[in-house]
Amino acid sequence: MSKKPVRKAVLPVAGLGTRVLPATKVMPKEMLPVFDRPAIHYVVDEARAAGIEHFVFVTGRNKASIEDYFDTAYELEMTLEAKGKTKLLEELRADLPAPGACSFVRQQAPLGLGHAVWCARDIIGDEPFAVLLPDMIMRAETPCLAAMAQAHKVTGGNIIAVEEVPMEEVSSYGIIEPGQRKGDLIEMRGMVEKPAVADAPSNLMISGRYILQPEIFDALEEQKPGAGGEIQLTDAMLKLMETSPFHALPFTGETFDTGSKTGYLRAAAAFGLGDPEHGAEVRRILEALLKG
Ligand code: UTP
């Protein structure tokens, strides 16, 4: 079983973001600011902390600002330099990925998450890789993907982050069928998209971080559209599970779904409250708003 290190990550950003319209009419949802930086910034930081060296963004129309965000902003840097704003300048430069560390491929039509991941096949090649859904920000002392990469060094195979959700909410998510517990990991027997409460094999939802073997691309190549008429990653993972082991790693930190209006608001408030410089003021503002 391949235990090659996980060096590359796929960030699918080609979705239409219809749940946050009209904000996403001309602006990618991944670029919506969560307090002081775009949502995608947090996710790229998480990937970096896990040792990811190459980021593959699967983009679509209206997503050019993501490419610009991870590039040098020449005029801005010159202006900051001229004004002596060195701290800001250093922060901006420290955030830039290494030259050549980002690739951008187009998914010409949003045919589903599985199809978006498949679009990255040539750049990933024959090695295990991570997938991070950029509308999910995951906050924890040990970042989620770092914990998964650590587990992958030991077990190899495929690893999926899962989180407990209230049983009455399982119909909104991909849910795993758990097998035996092995230390921090849970063997997986299956998974199902949006099950009815009565049929759900557990309350462990698939939460947006994956480490997958490259054979997933063969499964995706053949994958027919599933739920919602989209090519689903879950369906291809089920196929891969016939030949390659899957483990789930329960994530116990906080998850923010910035792809919905209220989830986005919750994320902005949480990161504002946690900001060392502005947190106390954010608290005062929120409390005043609540008092009305
Ligand atoms: P979502 O279903 O959450 O994103 O897909 P969406 O389609 O943008 O959302 P709504 O329902 O219209 O609001 C999860 C992730 O997969 C990407 C999305 O960009 C998101 O990060 N995705 C989804 C693609 O890249 N391509 C697709 O065809 C579908």
Side-chain angles (χ1 to χ4, degrees), residues 8-32 34 38-47 52 55-67 69-70 102-124 129-138 144-145 160-163 165 169 171-175 191 193-194 205-210 212 216-217 220-221 223-237 255-267:
K8 298 180 185 172
V10 177
L11 297 107
V13 292
L16 297 179
T18 53
R19 282 169 297 150
V20 269
L21 276 169
T24 46
K25 190 174 165 194
V26 292
M27 162 125 145
K29 69 174 165 185
E30 298 79 11
M31 288 301 292
L32 294 175
V34 174
I40 190 108
H41 188 129
Y42 295 92
V43 181
V44 165
D45 278 353
E46 184 191 332
I52 296 298
F55 307 88
V56 187
F57 295 86
V58 182
T59 73
R61 293 172 59 74
N62 285 336
K63 303 283 176 165
S65 56
I66 298 176
E67 193 162 345
Y69 186 75
F70 291 106
C102 294
S103 298
F104 298 85
V105 291
R106 278 274 181 144
Q107 184 194 23
Q108 288 93 341
L111 300 181
L113 174 60
H115 183 261
V117 171
W118 180 72
C119 289
R121 65 198 178 284
D122 282 347
I123 300 171
I124 298 298
F129 64 101
V131 177
L132 298 100
L133 300 194
D135 48 3
M136 303 295 271
I137 299 179
M138 299 173 81
C144 184
L145 191 67
I160 291 179
V162 294
E163 273 175 77
V165 288
E169 289 177 18
S171 318
S172 306
Y173 303 106
I175 298 291
M191 58 197 116
E193 264 307 323
K194 303 187 170 72
M205 95 169 178
I206 299 174
S207 67
R209 301 290 183 265
Y210 312 75
L212 297 170
I216 192 75
F217 294 122
L220 284 168
E221 176 107 36
Q223 195 57 57
K224 301 270 178 300
E230 295 192 340
I231 297 178
Q232 298 286 353
L233 184 60
T234 313
D235 294 338
M237 290 195 297
T255 299
F256 302 94
D257 177 7
T258 64
S260 76
K261 289 181 184 179
T262 48
Y264 169 71
L265 180 69
R266 179 171 165 263

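Order of listing sets the numbers, starting from 1, for every ligand and every atom in it.
- In terms of protein heavy-atom proximity, atom 17 (C) of ligand 1 is nearest to Pro12 O, 3.6 Å.
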For this session: Evaluate the side chain to side chain contact (heavy atoms under 4.5 Å, CB included) criterion for residues Phe57 and Val44: first the C-alpha distance (whole Å), next the side-chain angles of each, then the deciding distance (0.1 Å), finally the verdict.
Result: CA-CA 10 Å; Phe57 295 86; Val44 165; 4.0 Å; yes

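- Nearest protein heavy-atom contact of atom 16 (O) of ligand 1 is Leu113 CD1, 3.6 Å.
- Near Gly112, meaning under 4.0 Å from one of its heavy atoms, ligand 1 places the atoms 26 (N), 27 (C), 28 (O), 29 (C).
- The shortest N or O to N or O distance between Ala109 and ligand 1 is not below 3.5 Å.
- Closest approach of Tyr42 to Val34, counting heavy atoms only: OH-O, 2.6 Å.
- Interface atoms of ligand 1 facing Thr18, defined by a heavy-atom separation under 4.0 Å, are 10 (P), 11 (O), 12 (O), 13 (O).
- Distance check on atom 5 (O) of ligand 1: every protein heavy atom falls at or beyond the 4.0 Å cut-off.
- For an aromatic pair to be called close, the ring centres must be under 6.0 Å apart, and Phe70 with Phe104 fails this.
- Atoms of ligand 1 lying under 4.0 Å from at least one heavy atom of Pro134, given by number and element, are 21 (O).
- In terms of protein heavy-atom proximity, atom 11 (O) of ligand 1 is nearest to Arg19 NE, 3.1 Å.
- Atom CD1 of Ile231 is separated from atom NZ of Lys224 by 9.0 Å, given to the nearest 0.5 angstrom.
- At a 3.5 angstrom cut-off on N or O pairs, Gly17 counts as close to ligand 1.
- In this structure, the side chain of Lys29 does not engage the main chain of Gly15 through any donor-acceptor pair within 3.5 Å.
- What sits closest to atom 22 (N) of ligand 1 on the protein, heavy atoms only, is Gly15 N, 3.7 Å.
- Using 4.0 Å as the threshold, Glu230 has no heavy atom nearer than that to any atom of ligand 1.
- A salt bridge between Arg209 and Glu46 is present, with a side-chain N of the basic residue lying under 4.0 Å from a carboxylate O of the acidic one.
- Near Pro110, the atoms of ligand 1 lying under 4.0 angstrom from a non-hydrogen atom of the residue are 28 (O).
- Contacts between Leu111 and ligand 1, counted as non-hydrogen atom pairs separated by less than 4.0 Å, involve the backbone only.
- Here the side chain of Ser260 pairs a donor or acceptor atom with the backbone of Gly263 at under 3.5 angstrom.
- Only the side chain of Ala116 comes within 4.0 Å of ligand 1, counting heavy atoms alone; its backbone N, CA, C and O stay farther away.
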For this session: Could you go through the side-chain hydrogen bond (donor to acceptor under 3.5 Å, both in side chains) check for Gln107 and Thr59 one step at a time?
Result: CA-CA 6 Å; Gln107 184 194 23; Thr59 73; over 6 Å; no

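- A donor-acceptor pair under 3.5 Å links the side-chain atoms of Lys63 to the main chain of Val13, judged by distance alone.
- Judged by the shortest distance from any of its heavy atoms, Gln107 lies inside the 4.0 Å radius around the atoms of ligand 1.
- Using a 30° and 60° split on the angle between ring planes, Phe217 and Phe129 fall in the parallel class, below 30°.
- The minimum heavy-atom distance linking Ser103 with Ile123 is given by the pair CB-CD1, 3.6 Å.
- Here the heavy atom of the protein found nearest to atom 25 (O) of ligand 1 is Ala14 N, 2.9 Å.
- Here the protein heavy atom with the shortest distance to atom 9 (O) of ligand 1 is Lys29 NZ, 3.4 Å.
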